[in-house]
Amino acid sequence: QVQLVESGGGLVQPGGSLRLSCKPSTNLFGFSSLGWFRQAPGDQRELVATITIGGMTDYADSVKGRFTISKNSADNTMYLQMNSLKPEDTAVYYCKGTIRVFTSTLPEGDYWGQGTQVTVSS
């Protein structure tokens with residue numbers, strides 16, 4: 001019932017910028033929280049950034065000051081603006097939305113996108 005589609009990944013040079021988009025098939029306001037996670041080969045999936053239904057944000061220490069998570073109700077899309085990219089940012093980035101009973105009539109739980117590859121390299 002819930003699909004999240006990421007886009008915007010690609011190859012970028014160190015120091016460059018990239019903006020990822022996550023567009024759910026349902027309304028953004030149905031999610032108590034939304035977030036971006038990433039997973040590099042051989043590593044565990046890690047939190048990058050989250051944003052709550054009220055707009056509160058949290059970031060991994062490794063991306064603070066460089067990444068910005070946001071959402072836009074007009075186009076029903078969540079974004080991750082990534083600046084000053086480093087090779088260690090290379091990973092598959094996943095969009096996640098969490099549904100809770102107070103936000104939606106849809107089943108509670110975590111919903112994941114398919115992932116989009118971000119490669120930071122010269």
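Every heavy atom of this structure was used, including side-chain atoms; hydrogens, water molecules and symmetry mates were not. Computed from a prediction, not measured in an experiment: that's the story for all the values here. Count residues from 1 along the sequence.
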Colleague: At what distance, to the nearest 0.5 angstrom, does CG of Leu18 lie from CD of Gln81?
Modeller: 8.0 Å
Colleague: Please find the pair of heavy atoms, one from Glu108 and one from Val101, that lie closest to each other, and give the distance.
Modeller: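 It is OE2-N, 2.6 Å.
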Colleague: Any ring-ring contact (aromatic ring centres under 6.0 Å, His included) involving residues 86-105? Give me the pairs, sequence neighbours left out, ordered by first then second residue.
Modeller: none
Colleague: Using the test side chain to side chain donor-acceptor pair (under 3.5 Å), find all partners of Thr98 that sit at least two apart in sequence or belong to another chain.
Modeller: Asp110
Colleague: So do Asn72 and Tyr79 actually touch side chain to side chain, heavy atoms under 4.5 Å?
Modeller: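 Yes, side chains in contact.
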Colleague: Distance from Met82 atom CE to Arg19 atom CZ, nearest 0.5 Å?
Modeller: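 Reported to 0.5 Å precision, the distance equals 11.0 Å.
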Colleague: Could you pull out the closest heavy-atom pair between Gln1 and Leu106, with the gap in Å?
Modeller: NE2-CD2, 3.9 Å
Colleague: Under 3.5 Å, side chain of Gln114 to main-chain N/O of Glu6, donor-acceptor pair present?
Modeller: yes
Colleague: Write down the atom of Met78, the atom of Leu28, and the distance for their closest heavy-atom approach.
Modeller: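 Heavy atoms only, the tightest pair is N-CD2, 4.3 Å.
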Colleague: Any non-hydrogen side-chain atom of Pro14 less than 4.5 Å from a side-chain atom of Ser121?
Modeller: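 No. Closest side-chain heavy atoms not under 4.5 Å.
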Colleague: Step through the shown structure and confirm whether more than 12 heavy atoms of other residues, nucleotides or ligands are within 6.0 Å of CD on Gln3.
Modeller: no
Colleague: Under the side-chain contact (heavy atoms from CB on, under 4.5 Å) rule, what do Arg38 and Glu46 come out as? Steps first, then yes or no, please.
Modeller: CA-CA 5 Å; Arg38 67 187 182 188; Glu46 65 174 353; 2.8 Å; yes
Colleague: Roughly how far, to the nearest 0.5 Å, is the OH atom of Tyr111 from the CD1 atom of Ile99?
Modeller: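 Nearest 0.5 Å value for the CD1-OH distance: 4.5 Å.
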Colleague: Taking Arg100 for the side chain and Ser32 for the main chain, is one N or O donor matched with an acceptor at less than 3.5 Å?
Modeller: no
Colleague: Determine whether Leu80 and Phe67 make a side-chain contact, defined as any pair of heavy atoms from C-beta on separated by less than 4.5 Å.
Modeller: yes
Colleague: What pairs meet the side-chain hydrogen bond (donor to acceptor under 3.5 Å, both in side chains) rule with one or both residues in residues 7-18, with sequence neighbours excluded?
Modeller: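 Residue pairs with at least one partner in residues 7-18: Ser17-Asn83.
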Colleague: Taking only Lys NZ, Arg NE, NH1 and NH2, and the carboxylate oxygens of Asp or Glu, determine whether Lys86 and Asp89 approach each other closer than 4.0 Å.
Modeller: no
Colleague: Which heavy-atom pair separates Lys64 from Tyr59 by the least distance, and what is that distance?
Modeller: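 Closest pair (atom of Lys64, atom of Tyr59, distance): CE-O, 3.3 Å.
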Colleague: Less than 4.5 Å apart, side chain to side chain, heavy atoms only: is that true for Trp36 and Cys95?
Modeller: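 A side-chain contact exists here, since the closest heavy-atom pair is under 4.5 Å.
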Colleague: Kindly compute the distance separating CG (Leu47) from NZ (Lys96), expressed to the nearest 0.5 Å.
Modeller: 7.5 Å
Colleague: Kindly indicate whether the side chain of Val2, heavy atoms from C-beta on, has any atom under 4.5 Å from the side chain of Phe31.
Modeller: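 They are in contact (side-chain heavy atoms under 4.5 Å apart), so the answer is yes.
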Colleague: For Gln44, is the CD atom crowded, meaning more than 12 foreign heavy atoms sit under 6.0 Å from it?
Modeller: no
Colleague: Would you find a donor on one side and an acceptor on the other, under 3.5 Å apart, between the side chain of Thr119 and the backbone of Leu11?
Modeller: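 Between the backbone of Leu11 and the side chain of Thr119 there is no qualifying donor-acceptor contact (under 3.5 Å).
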Colleague: Side chains of Val92 and Thr116: does their closest heavy-atom pair fall under 4.5 Å?
Modeller: no
Colleague: What are the two closest heavy atoms between Ile51 and Ser70, and how far apart are they?
Modeller: CD1-CA, 4.2 Å
Colleague: So which heavy atom on Lys23 is nearest to which on Asn76, and how close?
Modeller: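 Closest approach of Lys23 to Asn76, heavy atoms only: CG-O, 3.7 Å.
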